[in-house]
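First comes the structure, then the notes that go with it.
To find a chain, count down the sequence lines: A is the first, B the second, and so on, and within it residues start at 1. The analysis underlying the following values was restricted to heavy atoms, covering all of them including side chains, and did not include hydrogens, waters or symmetry mates.
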Number of protein chains: 2
Amino acid sequence: MLSVREHVLTPTATLAVDVVVFTLRPDTVERAWQVLLVPRPDPWSISRRALPGVLVDEDETFDEAARRALLVKTGIDARDWYLEQLATFGSPTRDSRGRVASISHIALIQSDNIKIHPVETDSPAEWCPVTAIPWSDLAFDHAAILREAINRVRGKVRYAWVLFQLLPPIFTMSDLRAAYAAIRDPSVLNMSTSNVRKLFRRLIDDQALVAVGKRAEARGRGRPGDLFRFDGPLTGTWDRELPW
Amino acid sequence: MLSVREHVLTPTATLAVDVVVFTLRPDTVERAWQVLLVPRPDPWSISRRALPGVLVDEDETFDEAARRALLVKTGIDARDWYLEQLATFGSPTRDSRGRVASISHIALIQSDNIKIHPVETDSPAEWCPVTAIPWSDLAFDHAAILREAINRVRGKVRYAWVLFQLLPPIFTMSDLRAAYAAIRDPSVLNMSTSNVRKLFRRLIDDQALVAVGKRAEARGRGRPGDLFRFDGPLTGTWDRELPW
DNA sequence: ACAAAAGTGTTTCTCATACACCCATGT
DNA sequence: ACATGGGTGTATGAGAAACACTTTTGT
C-alpha cells in the first residue's frame, strides 16, 4: 500500500460524505418508500437537487461526518439512526473543483422521528418517493449513488432486519407486510394473512417479535390487527432469506 | 454536500486502494481458500505483511488503481479479473503520515492465472490460507479490511455466482462443491452427490451450466466426474439463496 | 346486514434431505 | 476383488403457497 519511505504525505483529494436517508411514510404502496433530497437554490447550477452531505473534517470519522451532515441539513439529531457505509464514488472527473471522493452512506429512519428544520440553509430538505425521483435533476453523480443505495436496500430487506429500522416501535403484521411491499414487491399484498403470519412465526418463537397484547386502533374498515414489538438486535438477519 | 460557493477545493487527504485478492488453490479444504499478502521487509516496521495497494494517481479511477496495484505488486495483468469495491477505511488516526482513505477492493481470480513476479519490490507476494492469516502481523487496519472481505465473500457465495469466478473454465461438480466447502462450510462434503446435482439442476436447465460431454481425468481413486462449463453472466445471482 | 380487514386451521405442492443402488477408476 | 468416488433414481419430511372459515371493525 503506502510507500513507507515517506514520512509525510501530501494531500491530493478532498473527502466528502453523502447520505441516502430512507424512510417509510403514510402513502400509497408505490409512494410509501421515500428518500431525503436537499434543494439547491443556486441559480447557476443546472441540477437542483442533491443528497445531504458535507466535507469531512480533519479529525472526524466518516460516521461522524455523515451524522453531522444530517444534523446540518435537516436539523435533527441523528445519533441513534441506523447508518451504514454504501460505497465510495471518486471518479477523477466527478467534480470540477478538484478530486473529491464521496463516501456515501445509507441511513434508515422512522419518519415520525423527524421534523425537518435545517440549520445551515434556508431551503428545507424534502421527502421524495423512490418511484418519483427526479433522476436527471440530481447533482454530481448522486443518481448513481441513489441507484446503488436502492439496490442495496432492496436486496438487504430479504435477509436482514431493515424493516424494523423503518417501522415504528409498535406495529401490526399489516404494517410489516406493507413495508416489505413498498420496498421490494407489492405482490405480497395479495398473500393471505395466514401465510404472512407463518413466515414470522419463527421470529415470534425466538422472542424477536413480541405480541404487545393489544389491538391497533381501527383504521377505516376492517378488524384492526394485533400489535407487535420488535425486540431483537436491529442489525440481525433472518435464518433464511425471505421467500418472497 | 459540497459547499457550492468555492470554486476550488484544497485537498486534505490522500487516496489509496488496497486489494484483497482471493483464490482457490489445491490444498486441504481448510487451506484451499487463500488470500494474497505482500511482505514488508522494512526492519523498522512492526507489522510485516500487508495487502497489495497503491496510492491513487491524479487521473485514475479506483478500479484502475486497484488493477495497477496488482500489476505492480504481483506483476500480472489484472485487466479481466473480477474486481469489486468493498468499503472505505479512513479513520483519522489510521496512518501517522496524514489522513489517508483506503478504498478497499475484493478481487477474485483463478490461481492458474497467476505467476507472481513482482515489479516494484524484490519480495514477492505470497498466498496465505484464510484460516492461517497472521492477524496480528498485518499493517495499518488491514486486519479489519480482511475481516470484512472474508465476511462479504462468505455471504455472497450463497446468492451470487462468485464460485465461478474462482473455478477454472472447466470443472466438475466435485470441484464446485469443494469450492463452496472451502469458503463457506466443509459439511457440504458430507452431502450426497445426488443432492448436489439437484441444486444445480436449475442452472443446467437455464443453460448457465453446460455439460462439456467429457469426463475429467482420473484423480487418484474413484470414477472421475463429468466436466461442466459455466456459460452465464459472471455477475449473476442464484434464483434463491443456496440452502447450505 | 354487509363489506373489508384480520386471525385460525387444513390441504396441497414444491423442494431439500435421506437413502438405496449402479458405474467407473486405482490398488 | 474391492475400496473409493461419481451418477441415477426414489422416498421422506419441512415449509411455502392455496384455500376455507371465523372474528372484528365501519358503513
Side-chain angles (χ1 to χ4, degrees), chain A residues 26 28-29 32 158-159 167 170-181 184-206 209-228 238-244, chain B residues 26 28-29 32 158-159 167 170-182 184-206 209-229 238-244:
Chain A
T28 62
V29 203
R158 288 187 65 189
Y159 65 89
L167 288 168
I170 304 284
F171 52 84
T172 66
M173 283 288 167
S174 319
D175 295 335
L176 202 47
R177 195 228 308 252
Y180 188 91
R184 175 97 198 168
D185 183 7
S187 73
V188 297
L189 294 176
N190 305 326
M191 199 170 2
S192 79
T193 56
S194 170
N195 293 335
V196 174
R197 280 187 96 93
K198 265 172 234 152
L199 287 164
F200 291 108
R201 206 183 144 137
R202 183 166 308 162
L203 278 193
I204 296 175
D205 292 347
D206 294 352
L209 261 185
V210 185
V212 171
K214 284 193 277 190
R215 287 253 170 74
E217 288 169 32
R219 309 195 263 237
R221 258 193 211 174
R223 167 176 172 177
D226 295 346
L227 287 172
F228 287 87
W238 310 92
D239 291 10
R240 23 178 74 91
E241 212 178 41
L242 289 184
W244 318 325
Chain B
T28 63
V29 202
R158 288 186 65 189
Y159 64 89
L167 288 168
I170 303 284
F171 52 86
T172 66
M173 283 288 167
S174 320
D175 295 334
L176 203 46
R177 194 228 309 251
Y180 188 91
R184 175 100 200 166
D185 183 7
S187 72
V188 297
L189 295 177
N190 304 327
M191 198 169 4
S192 78
T193 56
S194 170
N195 294 335
V196 174
R197 282 186 95 94
K198 266 172 232 152
L199 287 164
F200 291 109
R201 205 179 140 148
R202 185 165 307 163
L203 278 194
I204 296 176
D205 293 346
D206 295 351
L209 260 186
V210 185
V212 170
K214 282 193 278 191
R215 287 251 171 73
E217 287 170 33
R219 309 194 262 236
R221 259 191 208 179
R223 167 177 171 175
D226 295 346
L227 287 172
F228 288 87
R229 180 168 48 83
W238 310 92
D239 292 11
R240 22 178 73 91
E241 215 178 36
L242 289 183
W244 317 323

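- The side chain to side chain contact (heavy atoms under 4.5 Å, CB included) check on A:Arg197 picks up A:Met173, A:Asp226, A:Phe228, with sequence neighbours excluded.
- Here B:Arg158 pairs with B:Glu241 under the salt bridge (Lys or Arg N to Asp or Glu O under 4.0 Å) rule; sequence neighbours left out.
- With a cutoff of under 4.0 Å to any heavy atom of chain B, the contacted region of DNA chain C is bounded 5' to 3' by C:dC15 to C:dT27.
- In the helix from C:dA1-D:dT27 to C:dT27-D:dA1, the rotation axis of the first five pairs and that of the last five pairs differ in direction by 0°, rounded to 10 degrees.
- Across every non-hydrogen atom of B:Leu199 and B:Pro243, the tightest pair is CD2-CG, 3.6 Å.
- Residues B:Asn190 and B:Ser187 bring no donor and acceptor atom of their side chains to less than 3.5 Å of each other.
- B:Asn195 pairs by the side-chain hydrogen bond (donor to acceptor under 3.5 Å, both in side chains) definition with B:Ser192, B:Lys198, not counting sequence neighbours.
- Taking B:Arg201 as the reference, nothing meets the salt bridge (Lys or Arg N to Asp or Glu O under 4.0 Å) condition, with sequence neighbours excluded.
- Residues B:Trp244 and B:Met191 form a side-chain contact, since some pair of their non-hydrogen atoms from C-beta on lies under 4.5 Å apart.
- Under the side chain to side chain contact (heavy atoms under 4.5 Å, CB included) criterion, B:Arg221 pairs with no residue at all, not counting sequence neighbours.
- A heavy atom closer than 4.0 Å to some atom of DNA chain C occurs in B:Gly220, B:Arg221, B:Gly222, B:Arg223, B:Pro224, these being the qualifying members of residues 219-227 of chain B.
- Applying the side chain to side chain contact (heavy atoms under 4.5 Å, CB included) test to B:Arg223 and every residue at least two apart in sequence or in another chain returns B:Arg215.
- Between the CZ atom of B:Phe228 and the P atom of D:dG6 there is a distance of 13 Å, rounded to whole Å.
- To the nearest 0.5 angstrom, B:Asp185 atom CG is 12.0 Å from B:Leu242 atom CG.
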Inset, instruction - At under 4.0 Å between heavy atoms, which parts of nucleotides 11-19 of chain D does protein reach? Answer with one letter per nucleotide, 5' to 3': B base, S sugar-phosphate only, - none. - result: ----SSBBB
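- For A:Ala181, the side chain to side chain contact (heavy atoms under 4.5 Å, CB included) partners are A:Val29, A:Val188, A:Leu189, not counting sequence neighbours.
- For A:Arg240, there are no salt bridge (Lys or Arg N to Asp or Glu O under 4.0 Å) partners at least two apart in sequence or on another chain.
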